[in-house]
Amino acid sequence: MKFFIDTANLDQIKEAQDLGVLEGVTTNPSLMAKEGITGEANILKHYVDICNIVDGDVSAEVISTDFEGMVKEGEVLAALHSQIVVKLPMIKDGVKACKYFSSKGIRTNITLVFSVGQALLAAKAGATYVSPFIGRLDDISTDGLNLIAEIRQVYDNYAFDTEILAASVRHTMHVIDCAKLGADVMTGPLSSIEGLLKHPLTDIGLSKFLADYNKGN
Ligand code: E4P
């Protein structure tokens with residue numbers, strides 16, 4: 001399972017990249033706004049800055065909701081950097097734009113996916129990635145992880161190439177459960193990745209090793 005970080009914060013992206021396990025970045029308009037990145041020129045520059053930090057795919061989301069607008073925006077985004085993946089919403093025109101981009105060899109990420117049916121459509125339209133939002137399903141008392149399992153089954157039945165990018169990952173157990181279920185990628189906050197490091201027996205064991213070494217020196 002590939003590890004993506006879900007942020008537009010350059011310091012956190014650098015930190016994850018320095019750890020040596022980062023394989024991509026996802027952003028969305030809310031994450032950009034959270035970092036105070038506003039205005040088209042600043043947003044485009046920020047995508048390039050992110051691409052220059054990470055070795056891997058960087059999802060850049062369109063804000064148009066009509067086919068023509070998505071195509072125009074997506075072409076500008078894709079031309080920014082070879083690592084850019086055009087992120088499109090799971091609406092009718094988003095599916096049409098996905099098909100258009102896949103026929104041109106431009107990579108896509110279909111976002112805001114909350115059902116198996118939507119994931120099936122994304123795959124049929126040739127999406128590179130499909131992003132089921134597990135945390136937001138959990139937020140409304142629906143089992144987000146079950147959606148990952150169902151999409152995995154459907155995609156495996158027909159050997160679709162579309163990669164399941166488990167999104168809206170909120171914590172470390174989501175990361176582990178997504179890996180168990182066979183998600184191709186997960187995107188979450190830096191804390192969800194760093195949580196994987198933690199075990200009290202590791203800390204206790206290391207302290208003991210160092211204490212014993214120091215006894216003899
Ligand atoms: C995915 O690409 C989205 O940016 C993201 O995972 C949404 O997560 P949230 O539900 O925590 O906002």
Side-chain angles (χ1 to χ4, degrees), residues 1-10 12-13 16 22-38 43 46-47 49-51 53-54 56-65 70 73-74 77-78 81 83-91 94-95 97-98 101 106-115 118-119 121-123 125 127-148 151 162-179 181 183-196:
M1 185 173 73
K2 285 184 266 186
F3 278 13
F4 286 8
I5 189 170
D6 193 32
T7 185
N9 182 291
L10 298 183
Q12 288 185 16
I13 295 169
L22 191 65
E23 291 160 296
V25 176
T26 50
T27 63
N28 63 43
S30 307
L31 293 171
M32 282 287 185
K34 194 173 161 196
E35 299 308 317
I37 313 295
T38 54
I43 290 173
H46 203 72
Y47 285 136
D49 290 344
I50 293 174
C51 290
I53 297 172
V54 68
D57 289 347
V58 175
S59 288
E61 187 160 343
V62 301
I63 45 142
S64 300
T65 53
M70 287 184 200
E73 258 190 82
L77 291 170
H81 199 284
Q83 287 167 237
I84 292 283
V85 173
V86 179
K87 199 173 182 190
L88 301 158
M90 172 36 81
I91 55 176
V95 172
C98 179
F101 285 124
I106 292 176
R107 292 171 311 134
T108 52
N109 175 359
I110 294 281
T111 190
L112 291 167
V113 167
F114 294 95
S115 75
Q118 290 178 327
L121 263 182
T128 313
Y129 297 104
V130 65
S131 288
F133 277 35
I134 62 175
R136 291 193 194 187
L137 282 169
D138 288 354
D139 288 344
I140 58 156
S141 312
T142 303
D143 187 353
L145 288 166
N146 186 49
L147 177 59
I148 301 295
I151 298 172
T162 301
E163 292 189 49
I164 302 172
L165 195 173
S168 189
V169 160
R170 301 276 174 73
H171 50 72
T172 303
M173 276 314 294
H174 271 160
V175 177
I176 293 167
D177 287 332
C178 285
L181 293 169
D184 299 292
V185 190
M186 79 83 203
T187 190
L190 182 59
S191 58
S192 69
I193 298 173
E194 289 185 334
L196 296 166

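Both counts, for ligands and for their atoms, begin at 1 and track the order of listing.
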Practice prompt. Quick one: pull up CZ in F3 and CE in M186 and give me the separation to the nearest 0.5 Å.
Written response: 5.0 Å

Fill in: Pairwise distance OG1(T187) to CG(D57) - rounded to 0.5 angstrom
11.5 Å

Closest approach of any protein heavy atom to [atom], naming residue and atom:
atom	answer
atom 2 (O) of ligand 1	K87 NZ, 2.6 Å
atom 4 (O) of ligand 1	N28 ND2, 2.7 Å
atom 5 (C) of ligand 1	D6 OD2, 2.8 Å
atom 8 (O) of ligand 1	S168 CA, 3.3 Å

Worksheet item: Does D139 pair with R170 as a salt bridge, N-O distance under 4.0 Å?
Response: yes

Worksheet, complete the sentence: The answer for which part of S131 has a heavy atom under 4.0 Å from ligand 1 is neither

Which atoms from ligand 1 have a heavy atom of [X] less than 4.0 Å away?
X	answer
R170	9 (P), 10 (O), 11 (O)
R136	7 (C), 9 (P), 10 (O), 12 (O)
A167	1 (C), 6 (O)

Item to complete: Kindly say whether T7 contributes a backbone atom to a donor-acceptor pair with the side chain of Q12 at under 3.5 angstrom?
Response: no

Discussion item. Strictly distance-based, threshold 3.5 Å: is any side-chain N or O of T162 a donor or acceptor partner for the main-chain N or O of A127?
Written reply: yes

Discussion item. More than 12 heavy atoms of other residues, nucleotides or ligands under 6.0 Å from CG of L196: yes or no?
Written reply: yes

Fill in: Within-cut-off N or O pair, T111 and ligand 1, under 3.5 Å
no

Item to complete: Sort out for me which residue in K87, Q118, R136 forms a side-chain contact (heavy atoms from CB on, under 4.5 Å) with L112.
Response: R136

